[in-house]
Amino acid sequence: MKLFGINLPAMSSLILWGLLWEVVGQAELTFFVPPLSEVVRTLVTIIGTPSFLSALGETAYAFGMGVFFSILIGVPTGILMGRSRLLDELLLPWVNVFLSAPLTALVPVLMVLFGFGMKSIIITTALFAIWIIILNARTGVRQINRSLVEMARSFGASPLEAFFKVYLWAALPEILGGIRIGIIRAVKGVIIGQLLISIAGFGALFELYSTNFMMAHFWAVLLVLFALAFSISEFLAYLERKVAYYAAVR
Amino acid sequence: MSQIEAFKHAQPVPDDIAVSTRNICKTYGSVEALKDMTLEFPRGQLTSLLGPSGCGKTTLLKIIAGLLPPTSGEVTVNGKPVTGPGPDRAFVFQDFALLPWASVLRNVAFGLELRGVARSEREDIAARYIREVGLGGFEQAYPHELSGGMRQRVGLARALSVDAQVLLMDEPFSAVDEQTRRKFQEDLLSLVQNENKTFIFVTHSIEEAVYVSDQIAILLPRPSRVSEIIRPTGFRQKSADSIRRDPEYLDIVDDIWASLRSYVE
Ligand SMILES: Nc1ncnc2c1ncn2[C@@H]1O[C@H](COP(=O)(O)OP(=O)(O)O)[C@@H](O)[C@H]1O
Ligand SMILES: [Mg+2]
């Protein structure tokens, strides 16, 4: 971005929004928005506390497992859908339905099926992430150059070799894009899971702080969550850029 | 004297046939791409499939490669019927079909990698063919860093390094510029001479076909069939650069054009 001919560093608009937050907070317009400076001060005090760290660990575990399974299942499913007409016809309607469905409404069903523990939270997380991962892997595979597929076959690639040595790599730019969006959705999934299924992790903190009107604490945890989600997504965007050079020449 | 003349124009048909297609038919839905295609490809020689685009050249080549099943008919390689891709054939693709995420070395070695050759061995072989096609020094480069002509050399080196007896080339030079193309054609001539392989070469360029071929099969569209087989023999022994001025070369180019022009609006 450029302002008065000066190049501003990336995301400098955040400074503006931070200032606005501070002003609104200082004006005491609503108890719901304490000043940013107070939020940051609270953040510093709670970030090392055992309750915060255990919440972070619990959330990170559920999030990590959910994302892990959604990638492990989602990427191969998407690739197979892109390669097999039959599988595509069978699964695509479901993928599209779940992609746009209000998944939160399904959480009670998951609780009945899988109980009130970590398992349900992980499944909720995976359920939020997996559909876009499938869909993107499928898109990536479908636009692989036909002659690349024929090349692998003509040199005698087995289906498994073709999968691991050609399809996976050729679709990598789209697959990474899907994982990036999936991870952002998984953040949503894990918090919803921890709020609705069992009050655990960051969900428990949100619950605790909001019912006790500890708004500075509430915003501090939210800031941490945003920062984590943002860093992971930026890291994936960086990986995506690393493979972008061949996205155009496949 | 007339006897000598007759002898000179006699076109010996070699009896050592590497690949033959018998009564190949191929329909795509309602499109009849190939109809009753019967052709023989002599061992150690280069046969061109020449014809206007859409006449089924690629289709025939892919059927020989085992990438496409024919609707009916049979392909045999060394007398054995083709049921799928096999190590006796290697394909050179019109659009190169290189792995963009792999170096030149890995690309060239990829055919061997799929055949389970150990890494050090396949990289040795690949490095040799990379030098042979004139890409020495580019082993660690990536395809997007190379020009079109260099990419096709990578594709060629990959096909050569699996040491298949039959090389199938689908308009391999159509995506490279004219100067590079001429160099390629000259290199192809020496390749045919030095490697004891059977080349099946698809092109839509009359000059290119006459320049590089031992035998030219002229295909006509709708329904696709072989209209003529031409064996340019007189100038094969000449040096690469004098062929293009040879009267027989020029005559054959004219003849082919005369028989094809009615199909080109
Ligand atoms: N996958 C396909 N589906 C339907 N029609 C095809 C397909 N591939 C080729 N054709 C048709 O078959 C005919 C021959 O194609 P092709 O073998 O590619 O010709 P050429 O290589 O000589 O240009 C064309 O009319 C083309 O439209
Ligand atoms: Mg073609």
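Keep in mind the model is a prediction, meaning the values are calculated, not measured. First the proteins, then the strands, lettered A, B, ... as listed; each starts at 1.
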What part of A:Val149 gets closer than 4.5 Å to chain B, counting heavy atoms only: side chain, backbone, both or neither?
neither

Among B:Ala65, B:Gly111, B:Ala97, which residue has the highest count of heavy-atom pairs closer than 4.5 Å to chain A?
B:Ala97

Atom pair NZ/CG of A:Lys165 and B:Leu99 - distance to nearest 0.5 Å
10.5 Å

Does atom OH (B:Tyr28) have a neighbourhood of more than 12 heavy atoms from anything else shown, all under 6.0 Å?
yes

Need one label for B:Phe96: side chain, backbone, both or neither, based on atoms under 4.5 Å from any heavy atom in chain A.
neither

With a cut-off of 6.0 Å (strictly less than), are more than 12 heavy atoms of other residues, nucleotides or ligands near CZ of A:Arg146?
no

For chain B, the option from A:Ala157, A:Gly156, A:Ser158 that forms the most heavy-atom pairs under 4.5 Å:
A:Ala157

Please state whether the side chain, the backbone, both or neither of A:Glu161 comes within less than 4.5 Å of a heavy atom of chain B.
side chain

Under 4.5 Å from a heavy atom of chain A, the part of B:Phe93 involved:
side chain

Main chain of B:Leu67, side chain of A:Arg153: is a donor-acceptor contact present, judged purely on distance under 3.5 Å?
yes

Kindly determine whether A:Phe155 and B:Val162 satisfy side-chain contact (heavy atoms from CB on, under 4.5 Å), including the steps that lead there.
CA-CA 9 Å; A:Phe155 285 105; B:Val162 294; 3.9 Å; yes

Using a cut-off of 6.0 Å, state whether more than 12 heavy atoms not belonging to A:Tyr61 lie near its atom OH.
no

At a heavy-atom distance under 4.5 Å, which candidate from B:Leu112, B:Asp95, B:Asp170 has the highest pair count against chain A?
B:Asp95

